[in-house]
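Structure record follows, encoded as structure tokens.
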Amino acid sequence: MRPPHRLASVSLVFTARLKPQFIPRHPALRYRMTSTSPFGLKEPSLVRHQAFIDGKWVDAKEGAVIRVTNPATAEELGTVPEMGLAETKEAIKAASKAFKTWSKTTAKHRHDILMKWFALMREHTDDLARLITLENGKPFAEAKGEHAYSSSFVEWFAEEAVRTYGEVVPSAIPNIRNVVVKQPIGVVSILTPWNFPSAMITRKLGAALAAGCTAVIKPPPETPFSALALVELATRAGVPPGVINVVTTQTNVAEVGREMCENTAVKKVSFTGSTPVAKLLYGMAASTLKKVSLEAGGNAPFIVFDDADIDAAIEGVIVCKFRGTGQTCVCANRIYVQSGVYAEFASRLAERVAAFKVGNGLDKDTTHGPLIHERAVEKVQRHVDDAIAQGAQLLLGGARLPGAGSFFAPTVLADVPAGALVNKEETFGPLAALTRFETEEEVIRLANDAPVGLAGYFFSKDAGRVWRVAEALEVGMVGSNTGLISQAAIPFGGVKESGLGREGGHGIEEYMNVKLIAFGGI
Ligand code: SIN
């Protein structure tokens with residue numbers, strides 16, 4: 001670990017000035033006219049400080065703003081509008097109007113626009129990745145990885161757009177021909193989290209636009225700039241006014257979220273975030289029986305059997321547990337290691353984690369960045385303290401790192417009891433908690449003893465066990481001998497309280513209605 005002063009030593013203040021044509025006139029935004037930009041992008045016009053409704057960059061009606069900070073330095077990056085109910089209604093209205101024409105475009109037309117958007121995203125890789133690092137904190141190399149993941153959804157759904165085939169169904173009634181067609185569902189509300197400021201937008205928006213839907217997006221208040229930059233590029237690619245709308249909000253999130261779920265013009269709600277919020281939105285969307293896609297929380301088991309390739313299992317857990325500094329829904333949370341390899345696995349893991357370089361994501365040596373905010377730091381600390389109080393052994397880390405940013409030392413705990421908090425709920429932080437087990441039956445019971453079931457991982461070289469365990473885990477996605485499963489082509493989603501629906505893969509279907517047309521009189 002680097003000494004803590006290194007964490008605070010990197011200055012993020014760059015001197016690139018906003019171009020005059022992008023200087024906002026609203027009095028609440030004068031701050032931006034006089035200060036230097038902390039973003040330092042090659043193309044500063046990708047930084048948008050306004051929301052986007054009906055093809056126009058707009059401020060909040062009352063002029064209020066949300067202050068966005070860099071989690072690595074606690075410095076303010078800039079502001080975006082604090083919008084409310086009135087702006088949300090306007091955005092939905094604009095999306096409804098645009099749906100009338102966008103839904104009538106050909107799939108090929110939408111494909112072409114999405115491919116242009118994909119190309120623009122690629123062209124601006126460094127700037128878009130830098131925005132991710134600045135507002136989320138993940139290291140620049142990892143931000144580039146997210147950017148590649150994010151743009152791959154746009155490419156994937158461009159290709160899916162032209163393959164939304166229907167079918168002809170043999171009729172049981174004489175003189176009828178049954179034709180099944182797929183049609184865009186309508187206006188979609190998209191609510192996304194801060195842990196993937198870019199990829200969680202494109203996984204939903206790419207599918208929605210490809211299907212012929214229009215959208216209102218509520219990005220998270222912690223990371224709105226990535227969302228706004230993506231929309232700027234989508235507009236340059238030719239997405240017409242009203243097709244994409246972005247409402248930024250923080251304090252007014254309850255009324256904005258409710259409107260996005262209850263407004264009768266909205267036909268679908270797509271959300272990624274925590275299980276409690278997913279349940280809340282599901283209840284609201286039920287008032288008008290809207291279709292929903294809910295990708296909610298996980299608490300992924302990661303199992304290492306005695307017969308595993310230990311090198312591969314260590315690599316697997318490093319990527320799976322510590323990707324995004326432990327802040328992904330598919331991160332390993334409960335690490336179960338069989339007794340025969342337990343001691344070796346624990347000491348080798350601690351050794352690897354000790355070599356992490358924690359710091360500002362713009363520092364080229366940094367391997368792991370900060371947590372998103374102090375609440376996240378406090379949660380990890382709570383889980384560590386609880387496990388230790390219940391008899392766990394601290395092998396590494398265990399505490400917040402000093403400095404202005406919200407850093408927590410990568411932590412490894414051994415002998416964590418099954419009943420510890422970390423085994424009961426998602427930590428969302430850099431805490432690897434190891435629990436020893438003896439038998440396959442026992443570990444399946446432990447792994448499935450959770451109300452959620454998003455992802456699960458295990459390492460074993462026994463072919464029979466590989467099938468048994470993969471089938472037995474109560475999750476939507478299994479990584480067998482791999483700690484990394486995410487890609488555009490797979491059906492991403494969970495079972496139990498991890499949500500409903502699948503994104504990526506054939507996820508365009510989630511944005512389409514199936515319609516039967518029975519032709520009679522033949
Ligand atoms: C998430 O954390 O919600 C998404 C993770 C992924 O797509 O890999």
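These figures come from a predicted structure and were not determined experimentally. Computation of the quantities below employed the complete heavy-atom set of this structure, encompassing side-chain atoms and omitting hydrogens, waters and symmetry-equivalent molecules. Numbering of ligands and ligand atoms starts at 1, following listing order.
- Under a 4.0 Å criterion applied to the non-hydrogen atoms of F492, ligand 1 contributes the atoms 4 (C), 5 (C), 6 (C), 7 (O), 8 (O).
- The single protein non-hydrogen atom nearest to atom 5 (C) of ligand 1 is F196 CE1, 3.5 Å, given as residue, atom name and distance.
- The heavy-atom pair separating K116 from A237 by the smallest distance is CD-O, 3.7 Å.
- Between F305 and Y336, the gap from one ring centroid to the other reaches at least 6.0 Å.
- Ligand 1 lies within reach of R203, whose nearest heavy atom is under 4.0 Å from it.
- Residue contact check: M200 has heavy atoms under 4.0 Å from atoms 4 (C), 7 (O) of ligand 1.
- What you find for A409 and G397 is that their closest heavy atoms are CB-CA, 3.9 Å.
- No side-chain heavy atom of I217 sits under 4.5 Å from any side-chain heavy atom of V247.
- W194 pairs in a side chain to side chain contact (heavy atoms under 4.5 Å, CB included) with only one of the listed residues (P220, P219, S226, P224), which is P220.
- At a heavy-atom distance under 4.0 Å, only side-chain atoms of R323, from C-beta outward, approach ligand 1.
- Side-chain contact check for N481 versus V466: some heavy-atom pair is nearer than 4.5 Å.
- Here is the list of ligand 1 atoms found below 4.0 Å of a heavy atom in S486: 6 (C), 7 (O), 8 (O).
- Using a 4.0 Å cut-off between heavy atoms, I485 makes no contact with ligand 1 at all.
- Atoms of ligand 1 found under 4.0 Å from any heavy atom of T272 (numbered from 1 in listed order, with element): 3 (O).
- Geometric assessment of K204 against the ring of F153 yields a negative cation-pi assignment under the 6.0 Å and 45° thresholds.
- Short contacts between ligand 1 and N195, defined as distances under 4.0 Å to a heavy atom of the residue, involve ligand atoms 1 (C), 2 (O).
- Contact check for W102 versus I113: side-chain heavy atoms found under the 4.5 Å cut-off.
- If you number the atoms of ligand 1 from 1 as listed, the ones under 4.0 Å from a heavy atom of T328 come out as 2 (O).
- The contact set between ligand 1 and C329, taken as ligand atoms under 4.0 Å from a residue heavy atom, comprises 1 (C), 2 (O), 3 (O).
- For atom 7 (O) of ligand 1, the nearest protein heavy atom (residue, atom name, distance) is Y149 OH, 2.6 Å.
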